**Student:** 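Before I ask anything, let me first share the structure, which is written out below as structure tokens.
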Amino acid sequence: MLILFDHGAPRGLARELPSHTVTTAKTMGWEQLNNGDLLQAAEEAAFYLLLTTDQNIRYQQNLSGRKIAILVLSGTTKWYRVRLHCERIAAAVNDAKPGSYAEVFIPF
């Protein structure tokens, strides 16, 4: 599965998803794109899932009809906390379907 990490996603998480191909928005040259443009660019580039920390994306963007799955990490994004929940995050990634939206809460 081709996964796009936005600028807030913890980079260490990519190592915990070895069966997937992870690329960052920065690597793609998309670090300046806002959410709507980022979603559009990711869909056009055939990304399957956007992993983001933007908890407001579902309120700011019309997600109906999207082809890309969206997974939001909410709570904290501090790596020392996130790494304790990698199994839950990997399960959410693996459960993602085109157009789906899911959140994984990482406690502070």
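Everything quoted here is computed from the prediction, not taken from an experiment.
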**Student:** With sequence neighbours excluded, give me every salt bridge (Lys or Arg N to Asp or Glu O under 4.0 Å) pair touching residues 5-30.
**Tutor:** none
**Student:** Find the distance between CZ (F5) and OG1 (T52) and round it off to the nearest 0.5 Å.
**Tutor:** 11.0 Å
**Student:** Tell me every residue that passes side chain to side chain donor-acceptor pair (under 3.5 Å) with S19, counting only those two or more places apart in sequence or in another chain.
**Tutor:** none
**Student:** Are L2 and V22 linked, directly or through other ILVMFWY residues, by side chains that come within less than 4.5 angstrom of each other?
**Tutor:** no
**Student:** Under 3.5 Å, which donor-acceptor pairs do the side chains of residues 32-51 form with other protein atoms, sequence neighbours left out?
**Tutor:**
{"residue": "N34", "atom": "OD1", "partner": "G36", "partner atom": "N", "Å": "3.2"}
{"residue": "N34", "atom": "OD1", "partner": "D37", "partner atom": "N", "Å": "3.0"}
{"residue": "N35", "atom": "ND2", "partner": "D54", "partner atom": "OD2", "Å": "2.3"}
{"residue": "Q40", "atom": "NE2", "partner": "E44", "partner atom": "OE2", "Å": "2.8"}
{"residue": "E43", "atom": "OE1", "partner": "R66", "partner atom": "NH1", "Å": "3.0"}
{"residue": "E43", "atom": "OE2", "partner": "K67", "partner atom": "N", "Å": "2.6"}
{"residue": "E43", "atom": "OE2", "partner": "I68", "partner atom": "N", "Å": "3.1"}
{"residue": "Y48", "atom": "OH", "partner": "A96", "partner atom": "O", "Å": "3.0"}

**Student:** Compare all side-chain heavy atoms of I3 with those of M1 and state whether any distance is below 4.5 angstrom.
**Tutor:** yes
**Student:** Taking it one step at a time, do L63 and I70 satisfy side-chain contact (heavy atoms from CB on, under 4.5 Å)?
**Tutor:** CA-CA 9 Å; L63 302 180; I70 298 170; 3.5 Å; yes
**Student:** Before giving the answer on side-chain contact (heavy atoms from CB on, under 4.5 Å), spell out for I89 and L73 the whole-Å C-alpha distance, their side-chain angles and the decisive distance to 0.1 Å.
**Tutor:** CA-CA 8 Å; I89 296 166; L73 296 184; 3.9 Å; yes
**Student:** Linking I/L/V/M/F/W/Y whenever any side-chain heavy atoms sit under 4.5 Å apart, do Y101 and V104 land together?
**Tutor:** no
**Student:** Tell me which pairs pass salt bridge (Lys or Arg N to Asp or Glu O under 4.0 Å) where either residue lies in residues 99-108, with sequence neighbours left out.
**Tutor:** R58-E103
**Student:** How close do E31 and G29 get, counting heavy atoms only, and between which atoms?
**Tutor:** OE1-C, 3.2 Å
**Student:** Let me check something: do I106 and L71 share a hydrophobic cluster, defined by ILVMFWY side-chain heavy atoms less than 4.5 Å apart, either directly or through other members?
**Tutor:** yes
**Student:** Please identify each residue that fulfils side chain to side chain donor-acceptor pair (under 3.5 Å) with H7, with sequence neighbours left out.
**Tutor:** none
**Student:** Sequence neighbours left out, cut at 3.5 Å: what donor-acceptor pairs do the side chains of residues 75-87 make with other protein atoms?
**Tutor:**
{"residue": "T76", "atom": "OG1", "partner": "K78", "partner atom": "N", "Å": "3.2"}
{"residue": "R81", "atom": "NH2", "partner": "F108", "partner atom": "O", "Å": "3.3"}
{"residue": "H85", "atom": "ND1", "partner": "R88", "partner atom": "NH1", "Å": "2.7"}

